[in-house]
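All ligand and atom numbering here is 1-based and tracks the order in the structure.
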Amino acid sequence: MNYKNLLTNFEDGILTVTINRPKALNALNRQTLDDLRQLFEKDALELEGLSGIILTGAGDKSFVAGADISEFTGLDAQGGLDMAQNGHDIFFSIERFPKPVIAAVGGYALGGGCELAMSCHIRVVSNKALFGQPEVNLGLIPGYGGTQRLIQYIGKGRALEILMTADMIDAQKALNWGLANHVVPHGEEVKKAKEILKKIGKKAPVAVSKAIAAVNAFFESQKDGFEQEVIEFAQTVNTEDFKEGASAFLEKRKAVFVGK
Ligand code: DAK
């Protein structure tokens, strides 16, 4: 795996991906988005033995402080459209990734950074984390799915207030509002994310991926979530792991899953 702006570490089935532009507080420039696309649409899908991914930011201050504002100059409507579509595609690839993806947020998650964290399946955040969608300060609205995913996590009224005031949400409020799954002491967010992935890693992998797909279906207008659940359920019944899980329960032993 070779990227310009991502560092990767693969250990015990867990791929830790660090967005590595600390001097710009890990702002998402084009190259970083290209790297993320390469990772989520190809490299990680092909990685043998992968049980889950942790996405985090380099340095002590920031997960991702937004899209890279220095690349905004000279952007016209067509450029904005292309940029938004590119970001949407990549963030959907993360949201639809068939293995769990956890954002470990140790600081600013602003604009595109908040949107990136929201496209992950779970958010573990440090007590210093700050979320926000400050695009109105720049004369913009979020362009990477933020207006939609923020509603999904915190509801319409809160989302509108955050989007219109550009106020930041601290870790405790993020937890209370459902944006964060866990708040941990600063610096322990990757450790906690690993614990969660290790727990999920012991479950049947196909069932885990079907749970992701079924939950995502609730938010996809062209799908009926209940119908999708039936489809995904039927596919889990077809797996070796279902037979193993049921037999192990009846034989009072631990199941050994093979991911098929
Ligand atoms: N882009 C580029 N550089 C950034 C950056 C960003 N988003 N955020 C920080 N930096 C850089 C700073 O310029 C500074 O660089 P130097 O001056 O040292 O070269 C360095 O990171 C450290 O930042 P500060 O010196 O400002 O650090 P502080 O601790 O004082 O302040 C801060 C931290 C996070 C409060 C502050 O840096 C800040 O307000 N940053 C900007 C936050 C922000 O507004 N982010 C952008 C949100 S808008 C679209 C799709 C998506 C989007 C838009 C359009 N289309 C499809 C068209 C998304 C937009 C956004 O994400």
Enumerate the atoms of ligand 1 whose separation from the nearest heavy atom of Ala84 is less than 4.0 angstrom. 56 (C)

Atom 60 (C) of ligand 1: closest protein heavy atom, distance to 0.1 Å, is Glu135 OE2, 3.5 Å

Give yes if a backbone or side-chain nitrogen or oxygen of Gly111 is under 3.5 Å from a nitrogen or oxygen of ligand 1, and no if not. no

Residue Gly80 vicinity, atoms of ligand 1 by number, heavy atom under 4.0 Å: 56 (C), 57 (C)

Take atom CG in Asn2; do more than 12 heavy atoms of anything else shown fall under 6.0 Å from it? no

Just to confirm, does any protein heavy atom lie below 4.0 Å from atom 28 (P) of ligand 1? yes

Looking only at protein heavy atoms, identify the closest one to atom 37 (O) of ligand 1 and say how far it is in Å. Leu25 CD1, 3.7 Å

Any chance you could measure Met1, atom CE, to Leu39, atom CG, to the nearest 0.5 Å? 5.5 Å

Measuring from atom 14 (C) of ligand 1, which candidate in Lys61, Met83, Arg21, Lys23 has the nearest non-hydrogen atom? Lys23

Closest to atom 8 (N) of ligand 1 (heavy atoms only, candidates Gly146, Gly87, Ala65, Pro142) is Ala65

Please indicate whether Glu48 has more than 12 foreign heavy atoms, meaning atoms of other residues, nucleotides or ligands, lying under 6.0 Å from its CD. no

Looking at Ala24, Cys114, Gly113, the heavy atom closest to atom 10 (N) of ligand 1 belongs to Ala24

Give a yes-or-no answer on whether the side chains of Tyr3 and Asp43 include a donor-acceptor pair shorter than 3.5 Å. yes

At less than 4.0 angstrom from any non-hydrogen atom of Gly112, what atoms of ligand 1 do you find? 60 (C), 61 (O)

Is there a donor-acceptor pair closer than 3.5 Å between any side-chain N or O of Asp241 and the backbone N or O of Gly259? yes

Tell me whether Phe233 at atom CZ has more than 12 heavy atoms from other residues, nucleotides or ligands lying less than 6.0 Å away. no

So which heavy atom in the protein is nearest atom 53 (C) of ligand 1, and how far is it from that ligand atom? Phe72 CZ, 3.6 Å

Whether the side chain of Glu188 engages the backbone of His186 through a donor-acceptor N/O pair (distance < 3.5 Å, no angle test) should be reported. no

Where ligand 1 meets Pro134 - atom numbers and elements under 4.0 angstrom, heavy-atom basis: 43 (C), 44 (O), 47 (C)

Cluster question for you: counting only ILVMFWY and a side-chain heavy-atom cut-off of under 4.5 Å, with indirect links fine, are Leu116 and Leu25 together? no

Evaluate the 4.0 Å heavy atom contact test for atom 40 (N) of ligand 1: does a protein atom fall under the cut-off? no

Backbone N/O of Gly13 and side chain of Ser51: donor-acceptor pair under 3.5 Å: yes

I'd like the name of whichever of Leu140, Leu138, Leu116, Leu110 reaches closest to atom 34 (C) of ligand 1 through any heavy atom. Leu110

Any chain of hydrophobic side-chain contacts (each under 4.5 Å) joining Ile53 to Val206? no

Identity and distance of the protein heavy atom lying nearest atom 1 (N) of ligand 1: Ile69 N, 3.0 Å

Is Ser93 reaching over with its side chain to a backbone N or O of Asp89, donor-acceptor style, under 3.5 angstrom? yes

Tell me whether atom 19 (O) of ligand 1 lies less than 4.0 Å from at least one protein heavy-atom position. no

Return yes or no for this condition: an N or O of Gly66 is under 3.5 Å from an N or O of ligand 1. no

Among all protein heavy atoms, pick the one closest to atom 2 (C) of ligand 1 and tell me residue, atom and distance. Asp68 OD1, 3.4 Å

Are more than 12 heavy atoms from other residues, nucleotides or ligands located less than 6.0 Å from atom CZ of Phe72? yes

For atom 24 (P) of ligand 1, decide whether some protein heavy-atom distance is shorter than 4.0 Å. no

Are Arg37 and Asn86 close enough, and set up right, to give a side-chain hydrogen bond (donor to acceptor under 3.5 Å, both in side chains), and what steps lead you there? CA-CA 9 Å; Arg37 186 190 277 277; Asn86 182 50; 2.7 Å; yes

Any protein heavy atom sitting closer than 4.0 Å to atom 16 (P) of ligand 1? no

For atom 31 (O) of ligand 1, the protein heavy atom that lies nearest, with its residue and separation: Tyr108 OH, 4.3 Å

